[in-house]
A.B. asks: 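After the structure tokens below, expect a handful of questions from me.
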Amino acid sequence: MQNKGFVKLFSVLLALVCIFYLSFTAVTNYYSDKAEEILQQEGNDAYAEYMDSISHQKVWLGYTLKQCREKEINLGLDLKGGMNVTLEVSVADILEVLSDHNSSPIFKQALQQAKQRQLKSQESFLVLFKEEFEKIDPNAQLSTIFSTFNLKDKIQLTTSNEEVVNILAQEVESAIDNSFNVIRNRIDRFGVVQPNIQRLGDAQGRIMVELPGIKEPERVRKLLQGSANLEFWETYELSELMPMFINANGLIKSMNVTNEEKTEEDVETETSEVEKTSDSANDIEELLADTLENKEEEKSNEELYEEFKKENPLFAVLNIYSDGGQVRPGPAVGAALATDTAKVNSYLQTKQVKELFPRDLSLKWTVKSIADENSAEVFELVAIKVTNREGRAPLEGDVITDANADFDQYSSASRVHMRMNAEGSKVWARLTKENIGKCIAIVLDDSVYSYRRVNGDITGGSSEISGQFTQTEAKD
């Protein structure tokens, strides 16, 4: 009898556990159905906005929708549908870059013939390239093609063809690893649940990506195919921009209040009026005073927040870094919940609001959340200064000849050591000299990975950057 009671108790507990985990699937299905309705009625843009807005909302037993989707039953592509994409890293293009775009006719012909052979061969491109190169001219040396400035420490003119191919294989492998990491980070940021990312044969550089439940194939295709550019940017200090953000908050408030009543000309008139009053606002604390006075204590927190939100629509979703009436040093403007980043973007990209800020200002979000793992995801907004007429970064990752990462023995921070070529060293020395006391932001895929203050000009092209990187991010 005691055994029967134990079995019954075990069965009940097992059933409860199953119901608990099945409930996540029911919740995600409910929101997926709602998203599907929006997709059918309003299109891809509305669907994307809806999914981005609810991804980090708590929807079930304290779990966010993203967490629920991670716990749901994995149906895979066969049952759930989605996208199956195979990407291929072009080894030929990598060799072009490693050769510093060498114009040798033998090199060009060998690349072309290796591409033709690869269509019908399972052999690695490097092997095919070496065979074609030596077939064209048995006495030709690969070292004359690849003994560039960037590879001068690894390849000399006396290096044999076999040794050159081995070195090139290591460089190609590193490039494919970096591509794999970039794709994985992009998919993580996109919010795909239970993706399957695999390399299909190291020799060919193919990467298979399976994305269950994807409803926006064109958006994902652009995400995966875009170039990943490592960039170094100059930055603004928040103190330089604080009056403009106060003005923007006031303008957005006036636009919200009068949106249904006033014409665009009226709003532009108010824009000029807000600009005239910028000097009277010293810091963000003054904006909070009227809403959070002691006389409002009898109101609930929700009522206070709604009133504050009405008075300060921008600052309700973007927590400006102001401590005790003093703005925080650095280029980080403030922080916002992941669910609020789209709202912040829509406010700051409004034509009238953009006119309040310098034309060379570009605002970018950090790639990693600054909150604890158990807390809501919070991202920082960083003020980038665009000093190039073409809108490009003053320094890009193509000047880096070598980079490696390790951990500081006295802290948990990672350190990235990097070396630059002659051209990059010259630009880096000028960039750091002109920004002593300010920060340089490191941006990849339009997201800020780090921003560090420059203590002095850096010459010689060798640098060390410390921060809360992971080993994977350091490779990217």
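Note: hydrogens, waters and symmetry copies are ignored here, and every other heavy atom, side chains too, is used. In what follows, residues are counted from 1 in the order of the sequence shown.
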A.B. asks: Check this for me, if you would: do Glu380 and Lys368 make a salt bridge, where the nitrogen-to-carboxylate-oxygen distance has to be below 4.0 angstrom?
C.D. replies: no
A.B. asks: Please check this pair: side chain of Asn435 against backbone of Lys438, looking for a donor-acceptor N/O pair closer than 3.5 Å.
C.D. replies: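 No, Asn435 side chain to Lys438 backbone: no donor-acceptor pair under 3.5 Å.
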A.B. asks: Less than 4.0 Å between a side-chain N and a carboxylate O, is that true for Glu396 and Arg392?
C.D. replies: yes
A.B. asks: Nearest heavy-atom pair of Ala175 and Ile94: which atoms, and what distance?
C.D. replies: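 Result for this residue pair: CB-CD1, 3.6 Å.
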A.B. asks: By ring pair (Phe, Tyr, Trp, His ring centres under 6.0 Å), which residues pair with Phe357, not counting sequence neighbours?
C.D. replies: Phe245
A.B. asks: Taking all non-hydrogen atoms of both residues into account, name the closest pair between Ala383 and Leu363 and its distance.
C.D. replies: CA-CD2, 3.9 Å
A.B. asks: Does Thr86 reach the side chain of Ile207, with side-chain heavy atoms less than 4.5 Å apart?
C.D. replies: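 The answer is no; the side chains never approach within 4.5 Å.
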A.B. asks: So which atom in Leu238 and which in Ala332 form the shortest heavy-atom distance, rounded to 0.1 Å?
C.D. replies: CD2-O, 3.8 Å
A.B. asks: Is there a side-chain contact between Val448 and Phe379, using heavy atoms and a 4.5 Å cut-off?
C.D. replies: no
A.B. asks: Salt-bridge test for Asp445 and Lys364: reply yes if a basic N is under 4.0 Å from a carboxylate O, no otherwise.
C.D. replies: no
A.B. asks: Tell me, please, which residues at least two apart from Lys433 pass side chain to side chain contact (heavy atoms under 4.5 Å, CB included).
C.D. replies: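 With sequence neighbours excluded, Lys433 shows a side chain to side chain contact (heavy atoms under 4.5 Å, CB included) to Asp457, given in chain and number order.
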A.B. asks: Would a distance-only check, ignoring hydrogens and angles, find a side-chain to backbone donor-acceptor pair under 3.5 Å from Ser447 to Val367?
C.D. replies: no
A.B. asks: For Thr148, what residues pass the side chain to side chain contact (heavy atoms under 4.5 Å, CB included) criterion, not counting sequence neighbours?
C.D. replies: Asp100, Asn150, Leu151
A.B. asks: My understanding is that only residues two or more places apart in sequence, or in another chain, count here; which of them pass salt bridge (charged side-chain N to carboxylate O under 4.0 Å, His left out) with Lys108?
C.D. replies: Glu96
A.B. asks: Taking only residues two or more places apart in sequence or in another chain, which ones pass side chain to side chain donor-acceptor pair (under 3.5 Å) with Asn102?
C.D. replies: none
A.B. asks: Quick check on side-chain contact (heavy atoms from CB on, under 4.5 Å): which of Asn196, Ile187, Ile197 does Leu211 satisfy it with?
C.D. replies: Ile187
A.B. asks: Not counting sequence neighbours, list each pair that qualifies as a salt bridge (Lys or Arg N to Asp or Glu O under 4.0 Å) and has a residue in residues 229-250.
C.D. replies: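 Non-adjacent pairs meeting salt bridge (Lys or Arg N to Asp or Glu O under 4.0 Å): Glu237-Arg453.
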A.B. asks: Residues two or more places apart in sequence or in another chain: which of them pass ring pair (Phe, Tyr, Trp, His ring centres under 6.0 Å) with Phe232?
C.D. replies: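 Residues passing ring pair (Phe, Tyr, Trp, His ring centres under 6.0 Å) with Phe232: Trp428.
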A.B. asks: Looking at Asn249 and Pro313, what are the two nearest heavy atoms and their distance?
C.D. replies: OD1-N, 3.5 Å
A.B. asks: Ignoring hydrogens, what is the shortest heavy-atom contact between Val344 and Ala336? Give both atom names and the distance.
C.D. replies: CG2-CB, 4.2 Å
A.B. asks: Applying salt bridge (charged side-chain N to carboxylate O under 4.0 Å, His left out), name anything that partners Glu423, two or more places apart in sequence or on another chain.
C.D. replies: none
A.B. asks: Only pairs under 3.5 Å count here: list side-chain donor-acceptor contacts from residues 162-172, not counting sequence neighbours, and write none if there are none.
C.D. replies:
residue : atom : partner : partner atom : Å
Glu163  : OE1  : Ser160  : N            : 3.2
Glu163  : OE1  : Ser160  : OG           : 3.2
Asn166  : ND2  : Glu162  : O            : 3.3
Glu171  : OE2  : Lys154  : NZ           : 2.6

A.B. asks: Any side-chain heavy atom of Leu142 within less than 4.5 Å of one from Phe129?
C.D. replies: yes
A.B. asks: Can you list everything that forms a ring pair (Phe, Tyr, Trp, His ring centres under 6.0 Å) with Trp233? Sequence neighbours excluded, please.
C.D. replies: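 Per chain and number, Trp233 pairs via ring pair (Phe, Tyr, Trp, His ring centres under 6.0 Å) with no residue.
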A.B. asks: Are the side chains of Leu157 and Gln141 in touch, meaning some heavy atoms are under 4.5 Å apart?
C.D. replies: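 When only atoms from C-beta onward are counted, Gln141 and Leu157 do not touch, as no gap falls below 4.5 Å.
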A.B. asks: Check the pair Arg389, Asp360 against salt bridge (Lys or Arg N to Asp or Glu O under 4.0 Å), reporting the backbone distance first and the verdict last.
C.D. replies: CA-CA 9 Å; Arg389 289 183 178 180; Asp360 61 355; over 6 Å; no
A.B. asks: Show, in sequence, the C-alpha distance, side-chain angles and deciding distance for Val454 and Cys439, and conclude whether the side-chain contact (heavy atoms from CB on, under 4.5 Å) test is met.
C.D. replies: CA-CA 6 Å; Val454 180; Cys439 290; over 6 Å; no
A.B. asks: Please assess Val353 against Ile252 for the test side-chain contact (heavy atoms from CB on, under 4.5 Å), listing each intermediate value before the final yes or no.
C.D. replies: CA-CA 8 Å; Val353 174; Ile252 295 167; 3.8 Å; yes
A.B. asks: State which residues pass side chain to side chain contact (heavy atoms under 4.5 Å, CB included) with Asn345; sequence neighbours excluded, sorted by chain then number.
C.D. replies: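 Side chain to side chain contact (heavy atoms under 4.5 Å, CB included) list for Asn345, sorted by chain: Gln349, Trp365.
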A.B. asks: For residues Ser99 and Phe146, determine if any side-chain heavy atom of one lies less than 4.5 Å from a side-chain heavy atom of the other.
C.D. replies: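 Ser99 reaches Phe146 side chain to side chain.
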A.B. asks: List the residues meeting side chain to side chain contact (heavy atoms under 4.5 Å, CB included) with Glu434, not counting sequence neighbours, and say none if there are none.
C.D. replies: Arg430
A.B. asks: Determine, step by step, whether Leu230 and Ile442 satisfy the side-chain contact (heavy atoms from CB on, under 4.5 Å) criterion, reporting the C-alpha distance in whole Å, the side-chain angles of both residues, the deciding distance to 0.1 Å, and the verdict.
C.D. replies: CA-CA 7 Å; Leu230 178 65; Ile442 302 172; 3.8 Å; yes
A.B. asks: Check Thr235 against Ala441 and note the closest heavy-atom contact, atom names and distance.
C.D. replies: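 Looking at all heavy atoms of both residues, the closest pair is CG2-CB, 3.7 Å.
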